[in-house]
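A quick write-up on the structure given underneath.
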Number of protein chains: 2
Amino acid sequence: MKIPKPTVRRLGLYYRCLARYKEEGVNFVSSQDIADRLNIKPSQVRKDLSYFGEFGKRGLGYNVSKLISEIARIIGVNKEWNVAIIGAGNLGSALANYPGLAKHKFNVVAMFDNDRQKVGKKIAGIPVFHISELNQKVKELNIEMAVIAVPESAAQYVAELVEESGIKGIVNFSPIKLRTNIPVEDVDITLSFETLAYMILKNSPVNIQQEEQV
Amino acid sequence: MKIPKPTVRRLGLYYRCLARYKEEGVNFVSSQDIADRLNIKPSQVRKDLSYFGEFGKRGLGYNVSKLISEIARIIGVNKEWNVAIIGAGNLGSALANYPGLAKHKFNVVAMFDNDRQKVGKKIAGIPVFHISELNQKVKELNIEMAVIAVPESAAQYVAELVEESGIKGIVNFSPIKLRTNIPVEDVDITLSFETLAYMILKNSPVNIQQEEQV
DNA sequence: TAGATTGTTAATCGATTAACAATC
DNA sequence: TAGATTGTTAATCGATTAACAATC
């Protein structure tokens, strides 16, 4: 069955939402409960879950602990992932320093750069290797995901190296569309700022963009 | 007229794509040219642009420079934006150090935290103020956007402070859905890793999740 | 049993794409 | 004029939501 992309993303939201309920000592929740916290419709929650099985009890709702472990299995949160960051510049270093990743079992085990100055150093305790060592280290350290945090001009080339190395997926922070045969998730920070800028302008009373006014 | 959200986001992509064409010395491009680089359909490009006006010439395509400035006007890239980062922890500091923002005229002019240890210091040259000074500094420095980079537990409260301060929009890096009356753009890094994890698992030959197999 | 809530179908909504007349 | 490409309409596709029978 074809799973909608937004459903997969929401699964992650459900997971966190349920984790919070668990912390609060709640044992059973309804689709309505979850939907309220996430500002969506309860039928959306039920529909999303129904792609993967029947996890609830009619009249009762969902067992929080059980649903957490089901979702964890589905989105692969019950396993640890070894991650390489390609590009030891500002953004790459920032991600290496970001504890949110390790917290969710995405372990950054290596960084790669083509700058010999950086190779051999450590950033946030993570060793920086030369990009030519990629293939070897991927096998040695069992790396499954790559973060691409290199300049736009190098991104496509790096993506090809990553794919050849046997890495299985990419989180792409560069602002271009990568052409690969492995899954890519784009995180485009600047684009988010630009989208916000548009929304602010659209909201503002003095508005030159006549066309969009309702 | 109602503009689809994905259209607004693609406008930013068009802008960058056109900037590249301009650098390459290209004066006219067709919707096909743009679509090819972004891996989308040419009719999508034309449809998106048509929400805002008629920018092309039949038989010829679009004048690159002209279209760049039209899109810049629409998405507010032709103006500078003053930005505050709330939360001077790992993520906040990383964003302060990230030159990609200033490059796109999003100027981080202040950071805020509730930790008195951090207040008065500078991070990447940007002064850190106590959160209680928010209202005053927003006026003083003409801040229009806030980045929320505080822990989940504080995010909703901070969002309310931000809204009251007169800031017009939020880029939210915390993993919760904020309830505000101003526009919010969510950047959920962990969710992107989780979505990638799902896609890798789905692709892999040994797959316990029978339901999703085609 | 009565009340609650699921899982699922069908209806609706929104976004993408194909097709083509208009026109440079 | 002939060829190319736009702007726009209509068709298609995909995702969300409402509704409700099933059932705890």
Enumerate, atom names and distances included, each donor-acceptor pair closer than 3.5 Å involving a side-chain atom of residues 162-173 of chain B, sequence neighbours excluded.
from	atom 1	to	atom 2	distance (Å)
Glu163(B)	OE1	Asn181(B)	N	3.2
Glu163(B)	OE2	Asn181(B)	N	3.4
Glu163(B)	OE2	Asn181(B)	ND2	3.0
Ser165(B)	OG	Val162(B)	O	2.6
Ser165(B)	OG	Ile167(B)	N	3.4
Lys168(B)	NZ	Glu144(B)	OE2	2.9
Asn172(B)	OD1	Ser174(B)	N	2.9
Asn172(B)	OD1	Ser174(B)	OG	2.9
Asn172(B)	ND2	Ser174(B)	O	3.2
Asn172(B)	ND2	Ile176(B)	O	3.0
Asn172(B)	ND2	Asp186(B)	OD1	2.8

Taking [X] first and then [Y], would you say they form a salt bridge - that is, a charged N and a carboxylate O separated by under 4.0 Å?
{"X": "Arg73(A)", "Y": "Glu70(A)", "answer": "yes"}
{"X": "Glu24(A)", "Y": "Arg37(A)", "answer": "yes"}
{"X": "Asp188(A)", "Y": "Arg16(B)", "answer": "yes"}
{"X": "Glu185(A)", "Y": "Arg9(A)", "answer": "yes"}
{"X": "Glu54(B)", "Y": "Arg46(B)", "answer": "no"}

Provide a list of protein-nucleic acid N or O atom pairs under 3.5 angstrom, restricted to nucleotides 22-24 of chain C.
from	atom 1	to	atom 2	distance (Å)
dA22(C)	N3	Arg58(B)	NE	2.8
dT23(C)	O4'	Arg58(B)	NE	3.4
dC24(C)	O4'	Arg58(B)	O	3.2
dC24(C)	O2	Arg58(B)	O	3.2

Any Arg46(A) side-chain N or O less than 4.0 Å from OP1/OP2 of dT6(C): yes
Give a yes/no answer on whether the side chain of Tyr62(B) brings an N or O atom under 4.0 Å of OP1 or OP2 in dG7(D).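 For dG7(D), OP1/OP2 do have a side-chain N/O of Tyr62(B) under 4.0 Å.
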Treating [X] as the side-chain partner and [Y] as the backbone partner, does any N or O pair qualify as donor plus acceptor under 3.5 Å?
{"X": "Asp113(A)", "Y": "Asp115(A)", "value": "yes"}
{"X": "Thr195(B)", "Y": "Leu191(B)", "value": "yes"}
{"X": "Ser93(A)", "Y": "Gly89(A)", "value": "yes"}
{"X": "Asp36(A)", "Y": "Asp33(A)", "value": "no"}

Side chain proximity check, [X] to [Y], heavy atoms < 4.5 angstrom:
{"X": "Phe112(A)", "Y": "Ile85(A)", "answer": "no"}
{"X": "Ile86(B)", "Y": "Ile131(B)", "answer": "yes"}
{"X": "Ile68(B)", "Y": "Val64(B)", "answer": "yes"}

Expressed in angstrom and rounded to an integer, what is the separation of [X] atom [atom1] from [N] atom [atom2]?
{"X": "Asp48(A)", "N": "dT6(C)", "atom1": "CG", "atom2": "P", "result": "13 Å"}
{"X": "Asn39(A)", "N": "dT16(D)", "atom1": "CG", "atom2": "C1'", "result": "15 Å"}
{"X": "Glu54(B)", "N": "dT9(D)", "atom1": "CD", "atom2": "P", "result": "11 Å"}
{"X": "Tyr51(A)", "N": "dG14(D)", "atom1": "OH", "atom2": "P", "result": "12 Å"}
{"X": "Phe55(B)", "N": "dT8(D)", "atom1": "CZ", "atom2": "C1'", "result": "15 Å"}
{"X": "Leu13(B)", "N": "dT16(C)", "atom1": "CG", "atom2": "P", "result": "12 Å"}
{"X": "Asn63(A)", "N": "dA4(C)", "atom1": "CG", "atom2": "P", "result": "21 Å"}
{"X": "Gln44(A)", "N": "dT17(D)", "atom1": "CD", "atom2": "C1'", "result": "8 Å"}

So what stems show up for DNA chain C if we need 3 or more Watson-Crick or G-U pairs in a row, all under 3.5 Å?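 So the stems come out as C:3-24 with D:3-24.
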Below 30° counts as parallel, above 60° as perpendicular, anything between as tilted: where do the rings of Phe52(B) and Tyr198(A) land? perpendicular
Are any protein N/O atoms closer than 3.5 Å to N/O atoms in nucleotides 10-12 of chain D? If there are, list each pair with its distance.
none

Give me the residues of residues 4-12 of chain B where at least one heavy atom lies under 4.0 Å from an atom of DNA chain C, by number, or none.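 Residues of residues 4-12 of chain B that come under 4.0 Å of DNA chain C are, in numerical order, Pro4(B), Pro6(B), Arg10(B).
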Strand-adjacent residues in residues 23-31 of chain A, judged by heavy atoms under 4.0 Å from DNA chain C: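 Heavy-atom contacts with DNA chain C come from Ser30(A), Ser31(A).
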Which of Arg10(A), Lys5(A), Lys41(A) passes salt bridge (Lys or Arg N to Asp or Glu O under 4.0 Å) with Asp48(A)? It is Arg10(A)
Report yes or no: is the cationic atom of Lys66(A) (NZ for Lys, CZ for Arg) under 6.0 Å from the centre of the six-membered ring of Tyr62(A), at an angle within 45° of the ring normal? no
